[in-house]
Amino acid sequence: MRMSQTLIPTLKEAPSEAEVPSHVFMVRGGYLRKVAAGIYSFLPLGWKVVKKVEKIIREEMDRAGASEVFLPAVIPAELWQESGRWDQYGAQLLRFKDRKGGDFVIGPTHEEVISALVRSDVRSWRQLPLNLYQIQTKFRDELRPRAGLMRGREFIMKDAYSFHVDENDANREYKKMYDTYQRIFTRCGLAFRAVEADTGNIGGSLSHEFQVLTETGEDALVACDACDYAANVEQAVARPPADPQTASEQCQRVPTPGQHTIAEVSSFLGVPQTRLVKTLIYLADGQPVAVLVRGDRAVNEIKLRRALEVTELLLATDAAVREVTGAPVGFAGPVGLKIQVPIYCDLEVQALADFVVGANAPDAHLKGVNVDNDFKPTAFGDYRTAAEGDACARCATGHLHAHRGIEVGQVFFLGTKYSRPMGVTFLDVDGLEKPAQMGCYGIGVTRIVAAAIEQNHDKDGIVWPVPLAPYEVAVLELQQDDDNVIATSKRIYEELSAAGIDVLYDDRDERAGVKFKDADLIGIPFRIAIGRKGVAEGVVELKRRNGTEVRKIRIPEASALVAAEVIAERR
RNA sequence: CGGGGCGUGGCGCAGCCUGGUAGCGCGCCUGCUUUGGGAGCAGGAUGUCGGAGGUUCAAAUCCUCUCGCCCCGACCA
């Protein structure tokens with residue numbers, strides 16, 4: 001492509017709203033422009049990168065035996081009412097009416113549509129298994145779109161759905177997709193980690209996320225330093241304490257005037273936070289419950305919600321806390337609650353002895369408190385968020401370490417969560433009608449683009465890996481008034497193009513410095529600089545965007561040499 | 001949803017407190033010079049100051065409402 005004939009509007013300064021590197025460089029580099037919050041136009045460069053990602057995904061999905069389809073973005077409400085998600089999905093589901101007043105949604109995901117398709121056209125075990133995928137625009141009316149393509153409202157997603165006669169076969173496909181995803185993200189040149197994940201409002205019973213490791217990631221992860229265990233903190237499990245401590249003290253009330261927080265009580269009483277137990281009052285589907293975790297720990301509401309088998313879990317208001325405990329916020333404890341509510345006790349607290357809790361009275365705490373002696377929990381369980389340094393639950397020696405990541409893909413084993421309510425059934429060999437076992441598998445196509453930049457940039461701009469680069473080679477024509485320079489540039493551009501290389505030919509009437517700066521900003525992996533001096537000596541200069549070495553190569557061999565190096569890195 | 005902040009030419013900003021009819025840098029256009037890391041000089045174009053209402057002789061500036069956008073939080077006793 002001749003740069004003079006396309007639209008690559010680079011900027012010296014980025015809009016002030018762009019903060020993360022991927023957003024800044026995509027705007028500055030002329031890849032992307034914002035249309036509304038979380039909604040973007042892809043300019044020629046941006047769209048080329050998206051298409052490269054899509055190509056890798058298609059090749060690998062097809063290779064894995066999946067078939068591409070294209071489902072509608074606009075979906076009638078009936079399908080969502082049938083699955084129950086019309087009511088469950090909440091405000092992120094963009095709903096609207098057509099001219100006749102019929103309710104529709106813009107698809108944030110497509111389990112309903114695919115289920116409707118498969119139930120009407122798949123009748124027999126002979127038609128299974130089946131894996132259908134599409135690459136399509138989704139819309140989720142996010143609470144808070146942010147960071148450019150990292151969390152948009154409109155975005156491109158690859159979603160795949162598989163259907164199976166039994167759980168074994170669904171599991172086989174799950175594993176196959178897991179491996180396929182590893183291949184896809186590897187080919188994209190990403191450093192990533194597959195982690196165990198919560199199934200969220202997609203549902204199902206087994207799930208892994210593929211997280212690109214980078215500091216600007218939205219998700220918190222932990223990974224073991226000894227085994228391959230890694231998980232989203234929403235899900236991560238630490239090894240519970242092995243030996244319970246022995247109770248040796250009697251429960252005793254101590255004054256703690258004005259000491260509300262764990263930190264205050266800890267320093268006031270001279271007791272470490274690890275010997276304090278905090279008591280949180282939640283409203284679980286409207287019913288108050290008390291949850292106990294160690295003072296230095298955080299309750300994991302996702303684990304708690306799952307354990308309590310409730311859909312709505314809210315921290316109680318100050319007024320509700322007063323009602324349940326009889327004391328202001330800051331002095332709640334499991335002993336002597338004003339209203340008896342179920343008490344859920346974290347495993348760490350179960351193993352603790354002689355700890356400190358709130359006294360359910362203003363300005364007082366209890367010390368020397370022990371489970372069973374002083375109160376009887378309703379249940380024990382893992383209700384806390386795993387933290388840096390925790391012992392790994394999966395191996396004997398490892399410890400968990402915190403990371404941040406950008407989720408670029410997730411695979412789910414769904415079982416019959418959708419097939420049952422949606423009536424996706426088939427006639428099995430034994431003549432019985434059975435619900436299909438399902439899996440679903442998503443990849444954030446546009447998010448991969450952002451994640452790749454987060455992982456591959458420097459102060460001057462993007463540093464694309466060859467497989468995702470919008471162009472593989474930049475040909476910089478450094479002088480506009482020199483016929484030899486122009487002829488040589490054109491020759492190399494044409495030779496490389498003929499060899500099937502993606503070339504961006506900077507033939508603009510700009511000074512050399514501008515061309516160098518733009519090539520760096522855009523991030524093209526190979527740069528051929530063609531200047532007066534070099535051409536006079538019969539050479540051009542080759543430089544990698546990710547290196548500093550400048551190689552002089554003879555003009556007649558230049559194209560073949562560069563083409564070979566590019567092809568070697570395509571994967 | 002809670003908190004904070006911002007809307008002034010394509011981009012980045014100043015002006016607002018203390019009302020007097022809009023300015024700077026980049027970019028853009030023209031010309032000359034320049035030409036290997038975002039050139040120099042000269043000339044030029046571009047603004048319903050987010051929108052509506054109000055106060056006032058006078059509003060970018062003060063007041064009210066509203067819309068849009070960004071950041072943080074939604075883990076706490």
Side-chain angles (χ1 to χ4, degrees), chain A residues 9-20 23-24 27-28 30 33-39 90-92 142-148 151 153 218 220 233-234 256 259-266 273 276-282 290-304 313-318 320-322 324-325 327-334 356-360 362 365 383-387 460-461 476-482 485 506 508-521 527 529-535 540-541 543 550:
Chain A
T10 57
L11 303 172
K12 283 189 185 173
E13 291 177 290
S16 54
E17 66 198 32
E19 299 220 332
V20 298
H23 192 191
V24 168
V27 174
R28 283 194 54 207
R33 289 293 184 261
K34 186 174 75 176
V35 175
I39 299 176
Q92 284 193 30
E142 290 285 347
L143 289 164
R144 189 180 151 213
R146 73 184 93 180
R151 181 167 295 277
R153 293 195 292 170
E218 287 192 299
V233 289
E234 293 174 347
T256 51
Q259 310 299 308
H260 297 267
T261 66
I262 291 291
E264 286 166 357
V265 174
S266 171
Q273 296 194 8
L276 266 50
V277 167
K278 53 185 170 186
T279 304
L280 281 66
I281 308 299
Y282 277 92
V291 182
L292 307 186
V293 296
R294 221 169 69 182
D296 59 327
R297 301 303 193 185
V299 167
N300 182 323
E301 294 184 1
I302 290 169
K303 288 181 182 175
L304 187 60
L313 186 70
L314 297 171
L315 210 52
T317 59
D318 289 8
V321 171
R322 264 171 213 278
V324 171
T325 66
V329 169
F331 301 97
V356 174
V357 300
N360 294 318
H365 279 72
Y383 308 127
R384 75 174 177 95
T385 299
D460 294 317
L476 306 193
E477 185 177 87
L478 296 184
Q479 285 90 25
Q480 248 54 49
D481 58 354
D482 186 312
V485 168
D506 195 343
R508 295 175 301 170
D509 185 15
E510 289 286 355
R511 295 162 60 91
V514 173
K515 297 189 180 188
F516 285 127
K517 287 288 184 187
D518 277 348
D520 287 346
L521 175 62
R527 183 187 84 191
I530 295 141
R532 188 177 285 134
K533 270 188 292 181
V535 170
V540 295
E541 291 168 5
K543 181 180 170 296
V550 176

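Just so we're on the same page: letters track the sequence lines, and every chain starts at 1.
Look at CG on A:Leu11: it is 8 Å from C1' on B:G10, rounded to the nearest Å. Spacing between atom CG of A:Leu292 and atom C1' of B:A77 amounts to 12 Å, rounded to whole angstrom units. Residue A:Arg144 contributes atom CZ, which lies 6 Å from atom C1' of B:C71 at whole-angstrom precision. Per the geometry, CZ belonging to A:Arg151 stands 14 Å off P belonging to B:C70, to the nearest Å. If you measure from atom NZ of A:Lys12 to atom C1' of B:C28, you get 13 Å, rounded to the nearest angstrom. Whole-Å rounding puts the A:Arg508 CZ to B:G27 P distance at 13 Å. In this structure, CD1 of A:Ile39 is placed 10 Å from P of B:C70, rounded to the nearest angstrom. Summarising the geometry, the separation between CZ on A:Arg294 and P on B:C76 is reported as 19 Å, rounded to the nearest angstrom.
With both pairing distances under 3.5 Å, B:C49 is matched to nothing as a Watson-Crick or G-U wobble pair. Nucleotide B:C17 forms a pair with no other nucleotide shown, judged by Watson-Crick or G-U wobble geometry with both contacts under 3.5 Å. Across all strands shown, nothing is found opposite B:G9 as a Watson-Crick or G-U wobble partner with both distances under 3.5 Å. Of all nucleotides present, only B:G73 satisfies the Watson-Crick or G-U wobble test against B:C1, with each distance under 3.5 Å. In a base pair of the Watson-Crick type (N1 to N3 plus N6-O4 or O6-N4) or a G-U wobble (N1-O2 and O6-N3), with each distance short of 3.5 Å, B:U61 is matched with no nucleotide. Pairing for B:A42 is with B:U30, a Watson-Crick or G-U wobble pair whose two hydrogen-bonding atom distances lie under 3.5 Å.
Checking B:G37, B:C70, B:C76 against every side-chain atom of A:Lys517, the shortest atom distance belongs to B:G37. The side chain of A:Ala36 lies closest to B:C69, out of B:C26, B:C69, B:G36. Of the candidate nucleotides B:C69, B:G37, B:A39, B:C69 has the atom nearest to the side chain of A:Arg153. Here the nucleotide nearest the side chain of A:Ala298, chosen from B:C76, B:C70, B:G27, is B:C76. Of the candidate nucleotides B:C76, B:C70, B:C26, B:C76 has the atom nearest to the side chain of A:Leu280. Set against B:C72, B:U35, B:C75, the side chain of A:Asp481 has B:U35 as its closest nucleotide.
For the P atoms, the distance from B:U66 to B:G2 is 13 Å, rounded to whole Å. B:A39 and B:A58 have their P atoms separated by 49 Å, given to the nearest Å. If you take atom C1' in B:G31 and the same atom in B:A45, they sit 15 Å apart, rounded to whole Å. Between B:C17 and B:C6, the distance separating the two P atoms is 15 Å to the nearest Å. Spacing of C1' atoms, B:G9 relative to B:G27, comes out at 11 Å, to the nearest Å.
Summarising the geometry of A:Thr385 relative to A:Val299, their closest heavy-atom pair is OG1-O, 3.7 Å, with the distance given to 0.1 Å. Among all heavy-atom pairs drawn from A:Pro9 and A:Arg33, the shortest one is O-NH2, 2.8 Å.
Within 4.0 Å (heavy atoms only), A:Ala18 reaches no atom of the nucleic acid at all. Using a 4.0 Å heavy-atom distance criterion, A:Lys34 is classed as a sugar-phosphate-only contact. Contact annotation for A:Arg384: no contact, since no heavy-atom pair falls under 4.0 Å across all strands. Among the heavy atoms of the strands, none lies under 4.0 Å from A:Leu476. No engagement by A:Asn300 is indicated, since no non-hydrogen atom pair under 4.0 Å with the nucleic acid exists. Note on A:Ala147: only backbone sugar-phosphate atoms sit closer than 4.0 angstrom, heavy atoms only; bases stay farther off.
Classification of A:Asp481 and A:Arg532 as a salt-bridged pair holds, one side-chain N sitting under 4.0 Å from a carboxylate O.
Side-chain contact between A:Leu292 and A:Tyr383 is absent, with no heavy atoms from C-beta onward closer than 4.5 Å. The side-chain heavy atoms of A:Asp518 and A:Arg508, taken from C-beta on, include a pair separated by under 4.5 Å. In this structure, A:Lys515 and A:Glu477 have side chains that are in contact, with non-hydrogen atoms separated by less than 4.5 Å. A:Arg527 has its side chain within reach of A:Asp520: a pair of non-hydrogen atoms, C-beta onward, lies under 4.5 Å apart.
Residue-to-nucleotide proximity on RNA chain B shows that, of A:Glu19 and A:Lys278, the 5′-proximal contact is made by A:Glu19. Where A:Ala512 and A:Thr385 each meet RNA chain B at their nearest nucleotide, the meeting point lying more 5' is that of A:Ala512.
Donor-acceptor pairing under 3.5 Å, judged by distance alone, is present between the side chain of A:Arg527 and the base of B:G37. In terms of polar N and O atoms assigned as donor or acceptor, the side chain of A:Arg511 never comes within less than 3.5 Å of the base of B:G40 in a complementary pairing. For B:G27, its base never sits under 3.5 Å from the side chain of A:Glu13 at any donor and acceptor pair.
For the side-chain contact (heavy atoms from CB on, under 4.5 Å) criterion with A:Ile530, the lone passing option out of A:Leu476, A:Val535, A:Asp506 is A:Val535.
Note on A:Lys533: every side-chain N or O is 4.0 Å or more away from OP1 and OP2 of B:G36.
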